Asks: 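Sharing a structure, written as structure tokens. Questions coming.
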Number of protein chains: 2
Amino acid sequence: MLTTKDVSPTLEEYLEAIYKLERKNGAAKTSELAKMLNVALGTITNTIESMEKQNLIKHKPYKGVNLTRKGRRIAIDVIRRHRLSERLLTDILKIDWSKAHNIACKLEHAISDRDIIRRLDEVLGKPKTCPHGNPIPSEDGEILEEELEVLVDLNPGERGVITRIVYEDPELLEYLASIGLVPGVNIQVKEKAPFDGPITLKAMNRSYALGRNIASFILVKKRHVRGGR
Amino acid sequence: MLTTKDVSPTLEEYLEAIYKLERKNGAAKTSELAKMLNVALGTITNTIESMEKQNLIKHKPYKGVNLTRKGRRIAIDVIRRHRLSERLLTDILKIDWSKAHNIACKLEHAISDRDIIRRLDEVLGKPKTCPHGNPIPSEDGEILEEELEVLVDLNPGERGVITRIVYEDPELLEYLASIGLVPGVNIQVKEKAPFDGPITLKAMNRSYALGRNIASFILVKKRHVRGGR
DNA sequence: ACTTTAAATACGATTATTCGTAGTTTTTAA
DNA sequence: TTAAAAACTACGAATAATCGTATTTAAAGT
């Protein structure tokens, strides 16, 4: 049996962070991890070393770390618990989606029992994504990473549907909710100002100007109009 | 402002245990704590010392520890979170009441945010007790400890209503649920066998024989028939 | 009052997680 | 290709939580 031996909440956090950085950049650099996990660089080095001993990751100095199969399995499990927790918070407890992420960071470590997770999944109606549009892995570790475009990469004229907010920061989420740019909304890019200036887009018959940094956290599903390629 | 400074999950567990032992025996002895928390005696001594430094408890060597006002405030808060968590598990996630307690032991430390607790309370319909009948403290630390009798102390002929199961052990709870002796059930003690033998009682037109140890974990509200004192 | 036993403490040690500073190594840019 | 900058590691140290094995102290029984 594949007994994903239990790791501490701390290591769960590390694995989760590594998973995300690996997705984005191919590997997780220690400096990026330090920033993401809000700990000192030396701490990362120490922990990384012990994680490698436990066969959770592979570390190539100056290149970054990558998950082993074992590490990835646990990471995905944590992500499943995290996103189901977020759903619990927003759908059942009616907590604001901007606060859900941070609270779920604690909850995800508390609901490790298989039965609870399954029951939670059922009560929530087996949701496919978290409230911010990020996919919820299945019980056996499948995760459907759809092919999406980063909003900031769309060119003027292109259309799409807001699908995922990948940076689940309370302030960003609150802002996006306040202006109505949430998953499911159709948008069309109108203009990209030069010198890394804002992106102007149209949605719900209104016009929006977003900074590039914000637009880089939003993934959209491109809509190919009139027989697009 | 009364800022109940945050303590670690471990200390929260200690405070919770001390609260319960203090209730029962006037003070929590280190040996009792060791048993209840499943750690070595030396560990208790160490932790107790650091808790005293933090002004959470008062320790009289060989006599036991007692909570300070500050410690009690935190303990009650933890108990509130614990019992609301149990309700979440049984009422919303439909988890068996015998499993709810142990899972709630982890959950209680994850839901420390005031907003979440309040929302949870509301969604659950502001329950007065946990699924096992134990009172849920109010937001500002009031806890209604009703005057109840221990089942084992009732004399033959006396009647009452099962109200609280104070020892929330999965096996015990499963057993009680299987025979139907849950909070709300009316009982009458029929007989108490000598030499610490079983207690025979009648409930729901059936006869039950319970060991004294089990009967000592069940609290009942006595029913005084025909103008009882 | 004295002795046995039970309870509690002292002490030494380990592991996990964290920090900060100092020193290397790699990359980048001139 | 060499110097500066950035990234990374080494090392020493602190704290929390835990253990086990003495040793000491209090309680109980004779």
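Scope of the values below: all heavy atoms of this structure, side chains included, with no hydrogens, waters or symmetry mates. Note on naming: letters A, B, ... go to the chains in the order of the sequence lines (proteins, then strands), and numbering restarts at 1 for each one. No experiment lies behind these values; they were computed from the predicted model shown.
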Asks: Could you tell me how far apart B:L41 (CG) and D:dT25 (C1') are, to the nearest whole angstrom?
Replies: 14 Å
Asks: To the side chain of B:Y62, which of D:dA17, C:dT18, C:dT9 is closest?
Replies: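 Ranking D:dA17, C:dT18, C:dT9 by closest atom to the B:Y62 side chain puts C:dT9 first.
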Asks: Tell me which nucleotide among C:dT9, C:dC19, C:dT27 gets nearest to the side chain of A:K63.
Replies: C:dT27
Asks: Touch check for A:S31, heavy atoms < 4.0 angstrom, all strands: base, sugar-phosphate only, or nothing?
Replies: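 Sugar-phosphate, no base atom in range.
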Asks: Categorize B:T30 for me: base, sugar-phosphate, or nothing, with a 4.0 angstrom heavy-atom threshold over every strand shown.
Replies: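 Answer is sugar-phosphate: B:T30 comes under 4.0 Å of backbone atoms only.
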Asks: Between B:H109 and B:E13, do the side chains contain an N or O donor and an N or O acceptor separated by less than 3.5 Å?
Replies: yes
Asks: Reckon A:T47 has a side-chain N or O less than 4.0 Å from the OP1 or OP2 of C:dA16?
Replies: no
Asks: Write down the distance between CG (A:L21) and P (D:dA7), rounded to a whole number of angstrom.
Replies: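 After rounding, the reported distance stands at 14 Å.
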Asks: Return the value, rounded to whole Å, for the distance between atom CG of A:D6 and atom C1' of C:dT15.
Replies: 17 Å
Asks: Determine yes or no for a side-chain-to-main-chain donor-acceptor pair under 3.5 angstrom, with A:T90 supplying the side chain and A:W97 the backbone.
Replies: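 Answer holds: no.
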Asks: For B:E49 and for A:P9, find the nucleotide of DNA chain C with the closest heavy atom, then tell me which residue's nucleotide is more 5'.
Replies: B:E49
Asks: Report yes if a donor N or O on one partner sits less than 3.5 Å from an acceptor N or O on the other, where the partners are the side chain of B:N46 and the base of D:dT18; otherwise report no.
Replies: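 Check passes, donor-acceptor contact within cut-off.
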Asks: Ignoring backbone atoms, test whether B:S50 places a side-chain nitrogen or oxygen under 4.0 Å from the OP1 or OP2 oxygen of D:dA16.
Replies: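 For D:dA16, neither OP1 nor OP2 has a side-chain N or O of B:S50 closer than 4.0 Å.
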Asks: Could you tell me whether B:D121 and B:R80 make a salt bridge, using a distance below 4.0 angstrom between a side-chain N and a carboxylate O?
Replies: yes
Asks: Where the side chain of A:T43 is defined as all heavy atoms beyond and including C-beta, which of C:dA10, C:dT18, D:dT18 is the nearest nucleotide?
Replies: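 Closest nucleotide to the A:T43 side chain: C:dT18.
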Asks: Among D:dC8, C:dG20, C:dT18, which nucleotide has an atom closest to any side-chain atom of A:A40?
Replies: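 Per side-chain heavy atoms of A:A40, the pick is C:dG20.
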Asks: Tell me which nucleotide among C:dT18, D:dT9, C:dT9 gets nearest to the side chain of A:H59.
Replies: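 The closest nucleotide is D:dT9.
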Asks: Report yes or no: does B:N134 contribute a side-chain atom to a donor-acceptor pair with the main-chain N or O of B:I165 at less than 3.5 Å?
Replies: yes
Asks: With sugar-phosphate meaning primed atoms plus P, OP1 and OP2, does A:K60 contact a base, only sugar-phosphate, or nothing at under 4.0 Å between heavy atoms?
Replies: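 The answer is nothing, as A:K60 stays clear of every strand by at least 4.0 Å.
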